[in-house]
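Keep in mind the model is a prediction, meaning the values are calculated, not measured. The figures here come from the full heavy-atom set of this structure, side chains too, leaving out hydrogens, waters and symmetry mates.
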Amino acid sequence: MRVVIADDELLLREGLARLLREVGVDVAATAGDTTTLQRAIDDHDPDVAIVDIRMPPTHTDEGIVAAHEIRRRHPGMGVLVLSHYVDARFAMRLLGEHPTSIGYLLKERVSDIAVLRDALARIGEGECVVDPTIVARLIQRPREPDPLAELTDREREVLELIAEGRANAAIANRLVVTDKTVEAHIRSIFGKLGLDELPDGHRRVLAVLAYLRVTARG
């Protein structure tokens, strides 16, 4: 896998590059701003771009803007956005328009190279990766209206684990149930959220977005 890394913190981006190279990831280039990032992408055509959410000059949402531009110009390229902060609005702004090959993780999470490498692999395969901290915070917030009102407690558990990017077998292991039980819960979730008639490929992502969009409003 080939990646480029954009972060205005020199020590962080070079440290991240070193860690990734140690586990066999091809770090084609690093950048300290979004202009340099776009040039690196054009020059190296990476599989995934790793982008800090707050970049020069204003250190607000340049990373999100860059992610949208990357996906506009390179629709098949994955993007992993990193942030120091839990901000559901930024997460939903990104995931709402690009529900596949995209990720949003807290920077504290990527100090575990196994977590980072797994996220990159999943994004490269077309999955959506959302930091578990963001998922947990959104699920705990009160909603009005609540798109999950008809879900049982166990179905909510399953949906949270889906949002964390877990496969059916991993969910079954976590909840100590059979794979068939997990499949039944997922079918029920899709039905209650009105997703049962959609193509199989994106229903897991859309099930997560169905309630993340509501909880991120305001």
Side-chain angles (χ1 to χ4, degrees), residues 1 3 16 19-20 22-25 47-48 50 78-83 86 88 91-92 94-95 98-141 143 146-216:
M1 172 179 287
V3 305
L16 195 56
L19 287 174
L20 287 172
E22 287 178 355
V23 295
V25 176
D47 300 297
V48 180
I50 303 174
V79 179
L80 173 60
V81 173
L82 304 180
S83 176
V86 178
M92 289 313 306
L94 179 66
L95 303 175
H98 309 288
T100 60
S101 298
I102 206 80
Y104 187 108
L105 291 180
L106 296 181
K107 285 187 176 181
E108 64 186 46
R109 196 81 57 189
V110 302
S111 61
D112 185 337
I113 192 61
V115 171
L116 177 58
R117 184 168 56 177
D118 176 68
L120 290 173
R122 286 160 47 200
I123 291 169
E125 293 171 359
E127 294 187 33
C128 173
V129 178
V130 183
D131 195 286
T133 302
I134 296 172
V135 174
R137 178 168 295 186
L138 292 175
I139 285 177
Q140 291 166 5
R141 287 174 55 184
R143 303 168 181 82
D146 184 356
L148 309 182
E150 295 186 16
L151 301 188
T152 66
D153 290 342
R154 178 45 61 93
E155 287 168 351
R156 285 175 180 253
E157 280 187 276
V158 171
L159 185 52
E160 180 175 357
L161 293 171
I162 290 173
E164 293 178 10
R166 299 178 188 268
N168 288 9
I171 295 173
N173 184 63
R174 176 70 173 270
L175 299 180
V176 194
V177 297
T178 66
D179 288 356
K180 288 186 177 180
T181 298
V182 172
E183 291 170 5
H185 285 314
I186 292 174
R187 284 196 301 271
S188 179
I189 291 168
F190 290 160
K192 291 177 180 179
L193 294 180
L195 303 174
D196 48 352
E197 298 300 322
L198 296 174
D200 290 340
H202 300 314
R203 288 193 298 179
R204 294 172 81 92
V205 172
L206 292 173
V208 174
L209 293 178
Y211 69 86
L212 291 187
R213 283 196 183 96
V214 173
T215 56

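Atom-to-atom distance recorded for Leu159:CG and Glu155:CD is 9.5 Å, nearest 0.5 angstrom. The distance from atom CG of Asn168 to atom CD1 of Ile162, rounded to the nearest 0.5 Å, is 7.0 Å. With rounding to the nearest 0.5 Å, the separation of CG in Leu80 from OH in Tyr104 is 11.0 Å. Considering CG of Leu175 and NE2 of His185, their distance stands at 7.5 Å, rounded to 0.5 Å.
With sequence neighbours left out, the salt bridge (Lys or Arg N to Asp or Glu O under 4.0 Å) criterion links Arg174 to no other residue.
Residues Lys180 and Glu183 are not paired through a salt bridge, judged by the lack of any N-O separation under 4.0 Å between the basic side chain and the carboxylate.
Summarising the geometry of Leu105 relative to Val129, their closest heavy-atom pair is CD2-CG1, 4.0 Å, with the distance given to 0.1 Å.
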Review item, side-chain donor-acceptor pairs of residues 108-123, under 3.5 Å, at least two apart:
from, atom 1, to, atom 2, distance (Å)
Arg109, NE, Asp131, OD2, 3.2
Arg109, NH2, Asp131, OD1, 2.7
Arg109, NH2, Thr133, OG1, 2.6
Ser111, OG, Glu108, O, 2.9
Asp112, OD1, Ala114, N, 3.1
Asp118, OD2, Arg122, NH1, 2.9
Arg122, NE, Glu127, OE1, 3.4
Arg122, NH2, Glu164, O, 3.2

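Leu161 is not listed as a side-chain neighbour of Val182, based on a closest heavy-atom distance of 4.5 Å or more.
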**Request:** Would you check, one step at a time, whether the test side chain to side chain contact (heavy atoms under 4.5 Å, CB included) holds for Thr152 with Lys192?
**Result:** CA-CA 10 Å; Thr152 66; Lys192 291 177 180 179; 4.1 Å; yes
